[in-house]
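First comes the structure, then the notes that go with it.
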Amino acid sequence: MKYVKHLLIIVMMLFVSSQIVEAHAIWIESNPVGIKNQSHTIRIYYGEYASGEIEKTKDWYSDLSQLKLNLLDSKNKQVELHLTDKGTYLESSFIPVEDGIYQVFISHPAKELGGTTRYEFIAQNRIQVGKTATYSSIPLETYFVFADQLLKVKDQVEIQLLRGNNPVANEEILLMSPSGWSKTYKTNNLGKIQVEVIWPGTYVIEHSHMADQSGTWNNKSYTKNWQGLTASFQVK
C-alpha cells in the first residue's frame with residue numbers, strides 16, 4: 001500500500017512539473033531603438049509574463065540558465081553574445097556600429113525531458129538603429145515577423161507567424177499586455193493577426209506547439225516535442 005501511495009505521489013509530481021514547464025516561457029526585453037556606437041542592453045526572463053511571475057535564475061527549468069543568446073547584425077552576420085547572471089534575469093549588451101535592424105534570438109532545447117516530452121524554448125527580439133533599416137529573416141525554425149514600425153498607443157500591429165518560412169494558419173498567439181490583460185488570437189490563412197495596443201509599455205506574444213515526435217535526447221527517449229516561442233515589443 002505504501003508503494004502505491006509513493007508511486008501516485010511521484011506521478012502527480014511529474015504531471016505538475018510538466019504543466020509548470022509548459023506554462024512558463026522565456027522572453028527577451030530591450031529598448032526597441034538603439035543608438036549607433038552606444039552600448040545596448042538586453043535582458044532575458046523566465047516565468048509567466050501575464051501574471052508578473054519572474055523566476056530566479058537558480059530555479060529555471062533544467063539547464064535553461066545556460067542558454068545562448070545570438071545576435072544577427074545589420075549585415076546579417078551572426079555572433080553569440082556574452083551573458084551575465086543577475087539573479088532574476090540574464091543580461092547582455094552589444095554596440096551597434098551601423099544603422100539597420102539588429103535581431104537577438106534564442107533557441108534552447110532543455111537538457112532534461114518533462115516525462116517523455118522534449119521542451120524547446122525559443123525567443124526573439126529586434127532593435128532598430130537609425131531611420132532607414134532593412135529587415136531580414138531570422139535563423140529560427142519558427143518565428144514572428146512584425147511590421148517595421150515604432151509603436152504608439154492605439155496603433156494596429158500586424159504580426160505574422162512563420163514555420164520553415166511558411167505562414168502558419170489557424171494557430172493561436174497569446175498577446176500579454178503590460179496592464180495584465182491578455183487575449184488569444186488565431187492566425188488567418190497568411191499566418192497573420194492584427195491587434196490594437198491600448199496601453200504603453202512592454203507587450204509579450206507567445207505561441208506554443210506540441211507535436212507527436214519520437215526520438216532520443218541525451219540518451220532518453222521522447223514521444224512529443226514542445227516548442228514555446230515568444231517575442232516582445234514596446235509601445236510608447
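Positions are given from 1, in the same order as the sequence printed here. What you see below is based on every heavy atom in this structure, not just the backbone, and it leaves out hydrogens, waters and symmetry mates.
The line from OG of S107 to OH of Y143 is 13.5 Å long, rounded to the nearest 0.5 Å. Atom CD in Q194 sits 13.0 Å away from atom OG1 in T187 (nearest 0.5 Å). Remark: Q103 CD to Q124 CD distance equals 7.0 Å, nearest 0.5 Å. To the nearest 0.5 angstrom, I54 atom CD1 is 13.0 Å from D59 atom CG. Taking CD1 from I44 and NZ from K86, the interatomic distance works out to 13.0 Å, rounded to the nearest 0.5 Å. Between the CD1 atom of I193 and the NZ atom of K183 there is a distance of 10.0 Å, given to the nearest 0.5 Å.
Considering every non-hydrogen atom in both T88 and Y45, the closest pair reads O-CD2, 3.9 Å. Of all heavy-atom pairs between E98 and K36, the closest is CA-CD, 3.7 Å. The two residues V97 and N37 come nearest to each other via the heavy atoms CA-OD1, 3.8 Å. Closest approach of P139 to Q78, counting heavy atoms only: CG-OE1, 3.5 Å. Residue G34 comes nearest to I127 through the heavy atom pair N-CG2, 3.4 Å, listed as atom of the first residue, atom of the second, then distance. D155 and K152 get closest at one heavy-atom pair: OD2-N, 2.7 Å.
Taking a cutoff of 4.0 Å between a charged side-chain nitrogen and a carboxylate oxygen, K154 and E196 do not qualify as a salt bridge. Under a 4.0 Å N-O distance rule, the pair K192/E158 qualifies as a salt bridge. Taking a cutoff of 4.0 Å between a charged side-chain nitrogen and a carboxylate oxygen, E112 and K220 do not qualify as a salt bridge.
Checked by atom type, the side-chain pair H108/D63 shows a donor-acceptor distance below 3.5 Å.
Judged purely by atom type and a 3.5 angstrom limit, Q160 uses its side chain to pair as donor or acceptor with the backbone of L190. Under a 3.5 Å cut-off, the side chain of S232 and the backbone N or O of I28 do form a donor-acceptor pair. Judged by distance alone, with hydrogens and angles left aside, the side-chain atoms of T230 form no donor-acceptor pair with the main-chain N or O of E206 at under 3.5 Å. Of the possible polar contacts, none joining the H40 side chain to the P96 backbone as a donor-acceptor pair under 3.5 Å is found. Distance alone, capped at 3.5 Å, is enough to place a donor-acceptor pair between the Y203 side chain and the W199 backbone. Side-chain atoms of H207 come within 3.5 Å of backbone atoms of E172 as a donor-acceptor pair (strictly under, hydrogens ignored). Side-chain atoms of S208 do not come within 3.5 Å of backbone N or O of G228 as any donor-acceptor pair. Under the 3.5 Å distance criterion, the side-chain polar atoms of Q128 are matched with a main-chain donor or acceptor of G130.
Taking 4.5 Å as the limit, some side-chain heavy atom of F144 sits within range of a side-chain heavy atom of L161. Residues W27 and Y46 form no side-chain contact, since every pair of their non-hydrogen atoms from C-beta on lies 4.5 Å or further apart. Between I26 and L67 the shortest side-chain heavy-atom distance falls below 4.5 Å. Between P109 and Y119 the shortest side-chain heavy-atom distance does not fall below 4.5 Å. Side-chain contact check for I159 versus V145: every heavy-atom pair is 4.5 Å or farther apart. At least one side-chain heavy atom of L162 sits under 4.5 Å from a side-chain heavy atom of P167. D73 is not listed as a side-chain neighbour of V79, based on a closest heavy-atom distance of 4.5 Å or more. Residues N170 and K186 have side chains in contact (heavy-atom distance under 4.5 Å, counting atoms from C-beta outward).
Both L69 and L64 belong to a single network of hydrophobic side chains, linked directly or stepwise wherever heavy atoms of I, L, V, M, F, W or Y lie under 4.5 Å apart. In terms of hydrophobic clustering, with Ile, Leu, Val, Met, Phe, Trp and Tyr side chains grouped at heavy-atom distances under 4.5 Å, V204 and W181 are assigned to different clusters. I35 and L81 end up in different hydrophobic clusters when Ile, Leu, Val, Met, Phe, Trp and Tyr side chains are linked at under 4.5 Å. F94 is connected to L90 through a chain of hydrophobic side-chain contacts under 4.5 Å among Ile, Leu, Val, Met, Phe, Trp and Tyr, so both are in one cluster. When hydrophobic clusters are built by joining Ile, Leu, Val, Met, Phe, Trp and Tyr residues whose side-chain heavy atoms come closer than 4.5 Å, directly or via intermediates, L174 is not grouped with L229.
For W217 and Y222, the ring centers sit 6.0 Å or farther from each other. For Y61 and H24, the ring centers sit 6.0 Å or farther from each other. Aromatic pair W60/Y89: centroids not less than 6.0 angstrom apart. You'll find the ring centres of F233 and F146 inside the 6.0 Å limit.
Other residues, nucleotides and ligands place more than 12 heavy atoms under 6.0 Å from the CD atom of Q213.
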**Asked** Is there a salt bridge (Lys or Arg N to Asp or Glu O under 4.0 Å) between E91 and R43 once you walk through the steps?
**Response** CA-CA 5 Å; E91 185 175 270; R43 292 177 177 175; 2.9 Å; yes
**Message:** Please evaluate residues S65 and T57 with respect to the criterion side-chain hydrogen bond (donor to acceptor under 3.5 Å, both in side chains), reporting the C-alpha separation (whole Å), side-chain torsions for both, the decisive distance (0.1 Å), and the verdict.
**Reply:** CA-CA 6 Å; S65 63; T57 54; over 6 Å; no
